[in-house]
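Written out below as structure tokens is the structure these notes cover.
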There are 2 protein chains.
Amino acid sequence: MRTAILVVDDDDIFNGVLVRAFARRDIPARGVTSLEEARAVISEAAPERVVLDLNLAGASGLTLIPELLAARQDCRIVVLTGYASIATAVEAIKLGAMQYLAKPVEIDAILAALEDATPEIEGAIAAEPMSVSRLEWEHIQRILQANEGNISATARALQMHRRTLQRKLGKRPPPFPPLAGGS
Amino acid sequence: MRTAILVVDDDDIFNGVLVRAFARRDIPARGVTSLEEARAVISEAAPERVVLDLNLAGASGLTLIPELLAARQDCRIVVLTGYASIATAVEAIKLGAMQYLAKPVEIDAILAALEDATPEIEGAIAAEPMSVSRLEWEHIQRILQANEGNISATARALQMHRRTLQRKLGKRPPPFPPLAGGS
DNA sequence: TGGCGCTGCGGCATAACGTCGCACCCGCCT
DNA sequence: AGGCGGGTGCGACGTTATGCCGCAGCGCCA
């Protein structure tokens with residue numbers, strides 16, 4: 001028997017929507033909204049399937065991936081975030097996540113990613129180049145990643161004013177030109 | 001002894017820039033511009049380090065990743081593309097690439113990704129990343145080039161207002177970052 | 001306990017941007 | 001010829017974003 005799907009997302013509303021959507025499909029699911037709660041659930045009964053949000057009240061959900069896999073090797077993790085960036089996507093997959101999806105996304109895509117381990121190799125290549133704003137966002141995320149989330153250090157590396165970086169980070173990422181949920 | 005870095009990119013100019021940049025650092029490198037050439041090199045002497053572009057004259061460089069790893073398990077692959085997307089990034093990492101970077105990118109970032117087997121972040125930070133303005137400028141030039149100098153078309157592709165593009169083009173290029181050959 | 005660095009945020013002057021409009025040129029079609 | 005569509009350059013104006021101050025809170029460490 002499979003354990004319930006663990007939904008980790010600090011957005012109460014979205015979290016609820018997900019859990020109920022799973023419930024409607026007779027899939028047991030449990031939602032938590034913080035790293036602490038998540039850890040508690042893990043130590044209690046390591047989940048087999050997890051939907052993980054990256055922005056958990058400032059903390060990065062990324063850190064949870066190794067813990068999940070340590071608790072259960074065959075744990076299937078799908079990362080789901082409203083602030084999708086290539087940098088964090090690469091990191092998440094490297095850490096062992098199965099899939100990385102950008103919100104908004106349909107429940108079915110999440111389920112598919114959770115169930116389906118087969119990646120289609122013949123991934124289509126994007127037709128359009130990134131917009132300048134998107135490129136900037138990706139670049140910032142990458143450097144921020146390299147600096148372990150240190151905003152001041154990132155601002156210095158980017159030769160950008162710290163205040164400006166803060167403001168940029170506070171905003172939503174620019175729309176991604178090509179496909180998102182695909183795969 | 002390490003084999004030369006294999007650069008797979010159908011953009012002759014960028015390919016040349018990369019190979020020369022490596023040469024300037026006394027790093028042996030060999031550039032090829034097609035999947036066929038790449039396969040030839042692989043069967044001849046499986047490279048240890050590879051810089052792989054995704055858009056190879058229509059074909060996806062993604063397919064080369066399994067082949068490279070089959071030829072040499074410890075092959076280090078860095079995917080580099082001008083048409084980055086989260087979907088292909090996820091795919092590339094799943095297939096075994098070490099890093100996924102969006103053009104334009106600094107040579108140092110490529111080298112750092114190639115060398116850094118361990119997530120030792122310190123090394124990566126050492127090299128200064130491009131400033132956002134410089135990154136933007138490089139990107140604009142690239143797309144402008146692709147559109148044969150057509151400003152209106154470039155503005156559309158970049159989802160930027162034509163007036164804004166004009167103003168940006170009218171200004172001098174942003175302060176020079178660390179990057180070598182102007183690509 | 002004070003110093004140091006990171007963080008978040010308010011405020012303000014200035015620069016950049018989005019948007020509209022205009023004139024001009026060029027190639028094409030009828 | 002005239003009309004039409006597309007590209008280019010540029011002025012003007014209101015709206016945003018940015019650079020740069022400053023302040024307070026927090027964790028860290030000698």
Side-chain angles (χ1 to χ4, degrees), chain A residues 10-12 33-36 39 53-64 81-85 87-88 91 127-177, chain B residues 104 119-178:
Chain A
D10 67 343
D11 178 343
D12 291 300
T33 58
S34 72
L35 282 179
E36 292 69 39
R39 293 203 176 95
D53 187 282
L54 281 194
N55 292 75
L56 296 169
S60 173
L62 236 32
T63 60
L64 209 56
T81 175
Y83 293 72
S85 76
T88 52
E91 202 54 34
E128 297 177 22
M130 282 190 270
S131 70
V132 192
S133 53
R134 183 66 200 191
L135 184 78
E136 178 186 65
W137 168 265
E138 294 292 347
H139 190 235
I140 289 177
Q141 293 302 317
R142 193 167 75 72
I143 309 302
L144 189 59
Q145 192 83 24
N147 285 73
E148 299 164 290
N150 184 323
I151 295 181
S152 294
T154 304
R156 281 193 296 272
L158 256 24
Q159 300 175 67
M160 163 189 297
H161 201 283
R162 181 178 70 91
R163 193 68 185 87
T164 302
L165 216 205
Q166 279 186 323
R167 284 194 272 239
K168 282 182 188 297
L169 290 176
K171 276 182 296 196
R172 315 217 103 237
F176 214 99
Chain B
E120 289 283 342
I121 310 200
E122 296 309 321
I125 299 182
E128 293 181 32
M130 276 191 263
S131 68
V132 246
S133 54
R134 180 68 189 190
L135 182 85
E136 178 185 64
W137 192 79
E138 299 279 357
H139 191 236
I140 288 176
Q141 294 303 321
R142 168 183 299 283
I143 309 301
L144 225 201
Q145 196 81 25
N147 286 70
E148 300 160 301
N150 185 325
I151 296 180
S152 295
T154 304
R156 281 193 297 271
L158 258 24
Q159 298 177 70
M160 161 189 300
H161 201 282
R162 182 178 69 94
R163 192 72 186 86
T164 304
L165 217 205
Q166 281 186 322
R167 283 195 272 242
K168 282 182 188 298
L169 290 175
K171 278 181 294 196
R172 3 199 69 257
F176 213 78

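Numbers restart at 1 for each chain; the letters A, B, ... are given by sequence-line order, proteins then strands. As a basis for the values below, the full set of heavy atoms in this structure was taken, side chains included, without hydrogen atoms, waters or symmetry mates.
One finds the CH2 atom of A/Trp137 at 6.5 Å from the CG atom of A/Leu169 (value rounded to the nearest 0.5 Å). Here the CD-OG1 distance, from A/Gln145 to A/Thr88, works out to 6.5 Å after rounding to the nearest 0.5 Å. Taking CD from A/Gln166 and OG1 from A/Thr154, the interatomic distance works out to 11.5 Å, rounded to the nearest 0.5 Å. In this structure, the separation between NE2 on B/His161 and CZ on B/Arg167 is 8.5 Å, given to the nearest 0.5 Å. Between B/Met160 atom CE and B/Ile140 atom CD1 the span is 4.5 Å, to the nearest 0.5 Å.
Distance, A/Leu165 CG to C/dG8 P: 11 Å, rounded to whole Å. In this structure, B/His161 atom NE2 and D/dT16 atom C1' are separated by 15 Å, rounded to whole Å. With rounding to whole Å, B/Met160 atom CE is found 12 Å from C/dA16 atom C1'. To the nearest angstrom, P of D/dA17 lies 13 Å from NZ of B/Lys168.
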Exercise for the section: For each nucleotide in nucleotides 4-14 of chain D, reading 5' to 3', give B when a protein heavy atom comes within less than 4.0 Å of its base, S when such contact involves only the sugar-phosphate, and - otherwise. Expected result: ---SBBBBB--
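Electrostatic pairing of B/Glu138 and B/Arg134 counts as a salt bridge here, judged by a charged N lying under 4.0 Å from a carboxylate O.
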